[in-house]
Amino acid sequence: MVHRVAVVVLDHFATLDLGVPGQVFRVAETPDGEKLYEIVTCSPGGLPVRCDAGYSVTPDHDLGVLETADTVLVTGVHGGPVMVDGTLPGDVRAALQGHRRVMSICTGAFVLAAAGLLDGRPATTHWREAARFASLFPLVELDPDVLYIDDGDVLTSAGVAAGLDLCLHVIRRDFGSEVANRAARRCVMPPSREGGQAQYIDRPLPDPAGTSTAATRAWMLGRLAEPLDLATLAAHAGMSVRTFTRRFREETGLSPAKWLTGQRVGHARDLLEATDLPVDEVARRAGFGTAVSLRQHLHAAVGVSPLAYRNTFTRAVQV
């Protein structure tokens, strides 16, 4: 069954945010080319909505189409009452209630928060608007430092590029990594960036050639099953431990240990999805050593055990 994504567009909409779901979900297909998502776009009353770039768009639907949606996605906004005093028109607020899954890109989180959907829940938005968001919606557990947050039935992301990451994450959650990876290739973007990665990395001017950690990161990816301590990594990069750690964080936004754990979790997820290997063997190949360690790290990343993750993926592929 095709999964219907309804995109909500309001006045002052963020231009690139509007294009993201139509591009990413549109290219999610089975190996036989069968489309897995249908994208519909709506606005209050089905009326034209205007952006700050000097043009308007007229969606094909009004907010009534949300009643038929499997997922409701709200694009970012660059102005209007929701950004000033945190309020929404009553019809928009009502239309956003009671859906199976709701997600936002960038400042679309302001819309979800104004609708009361984020109270007491973790959420993120663009780092530049974090202070404003926190003052308007103090009941939300805001984390302004991450790319996106998946809280089950409510998902939020940072700026437009993080919206791409979130859409790919949702495709992977719905249909597995093989489908998500094909969609990423169609969009000419990396297959995934973990949601916990930093939004904003303050990059200094490039250092002389040969001082990047990129080669060591590639080397690490080929040796995920091996023990990789910080001294070994620094030696491979030809740096002191202190210099390597600092440069690694500058380039990735993460410590070497956190980055490595994320890659190992990703590899374990791929193995759980694509193979019938026992969990102990998945843990060994992913570099966690034991099933207990894998279970702890996978639960921290996606909230489920390895067997539950494999079963969920199997059900998703059969949809």
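Residues: numbered from 1 along the sequence shown. What you see is a predicted model, and the numbers here were worked out from it, not measured in a lab.
- Smallest separation of non-hydrogen atoms from A109 and L118: O-CD1, 3.6 Å.
- Rounded to the nearest 0.5 angstrom, Q263 CD and H267 NE2 are separated by 11.0 Å.
- Interatomic distance, NE2 of H126 versus CG of D17, reported as 9.5 Å (0.5 Å rounding).
- Contact between V82 and F110 at its shortest, heavy atoms only, is CG2-O, 3.5 Å.
- More than 12 heavy atoms of other residues, nucleotides or ligands shown are found within 6.0 angstrom of CD on E226.
- Checking side-chain atoms of H297 against main-chain N and O of S293 turns up a donor-acceptor pair under 3.5 Å.
- Of all the heavy atoms in D11 and V49, the pair that sits closest is OD1-CA, 3.3 Å.
- Hydrophobic cluster membership differs between F288 and V292, with clusters built from Ile, Leu, Val, Met, Phe, Trp and Tyr side chains linked at under 4.5 angstrom.
- The cluster map of Ile, Leu, Val, Met, Phe, Trp and Tyr, joined by side-chain heavy atoms under 4.5 Å apart, puts I105 and V77 in different clusters.
- Residues V179 and V27 are members of separate hydrophobic clusters, defined by side-chain heavy-atom contacts under 4.5 angstrom among Ile, Leu, Val, Met, Phe, Trp and Tyr.
- Atoms NZ and CZ, from K35 and R26 in turn, are 5.0 Å apart once rounded to the nearest 0.5 Å.
- Just one residue in the list D153, D70, D174 forms a salt bridge (Lys or Arg N to Asp or Glu O under 4.0 Å) with R101, and that residue is D174.
- Using a 4.5 Å cut-off on side-chain heavy atoms (C-beta onward), L272 and L277 make no contact.
- In terms of modelled atom types and a separation under 3.5 Å, the side chain of D151 and the main chain of V154 share no donor-acceptor contact.
- Linking ILVMFWY side-chain heavy atoms closer than 4.5 Å, directly or via other members, places L10 and M83 in a single hydrophobic cluster.
- Taking CG of L73 as the reference point, atom CG of L155 lies at 9.5 Å (rounded to 0.5 Å).
- Salt bridge present: R172 and D270 bring a charged side-chain N and a carboxylate O closer than 4.0 Å.
- Between the T243 side chain and the M239 main chain, no donor and acceptor come within less than 3.5 Å of each other.
- Ring pair H236/W219 is parallel by interplanar angle, where below 30° counts as parallel and above 60° as perpendicular.
- Between E250 and T213 there is no side-chain heavy-atom pair separated by less than 4.5 Å.
- Panel note: side chain R4, backbone T68; no donor-acceptor pair is recorded below 3.5 Å.
- At a threshold of 4.5 Å between non-hydrogen side-chain atoms, the residues C42 and L66 count as touching.
- Salt bridge status for R247 with E251: absent, with no side-chain N to carboxylate O gap under 4.0 Å.
- Heavy atoms only, all atoms of each residue included: L136 and D85 are closest at CD2-C, 3.7 Å.
- Scanning for side-chain hydrogen bond (donor to acceptor under 3.5 Å, both in side chains) contacts around D60 gives an empty result, with sequence neighbours left out.
- Ring pair F13/Y55 is perpendicular by interplanar angle, where above 60° counts as perpendicular and below 30° as parallel.
- The closest side-chain heavy-atom distance from T71 to V102 is not below 4.5 Å.
- Using a 4.5 Å cut-off between side-chain heavy atoms of Ile, Leu, Val, Met, Phe, Trp and Tyr, with links allowed through other members, V72 and V9 fall into different hydrophobic clusters.
- Within the model, atoms CG of L16 and SG of C51 stand 10.0 Å from one another, a figure rounded to the nearest 0.5 Å.
- The minimum heavy-atom distance between A113 and V140, with the atom names listed, is CB-CG2, 4.3 Å.
- Expressed to the nearest 0.5 Å, how far CG of L18 lies from OG1 of T41 amounts to 6.0 Å.
- The backbone N or O of R295 sits nowhere less than 3.5 Å from a side-chain atom of S305 that would complete a donor-acceptor pair.
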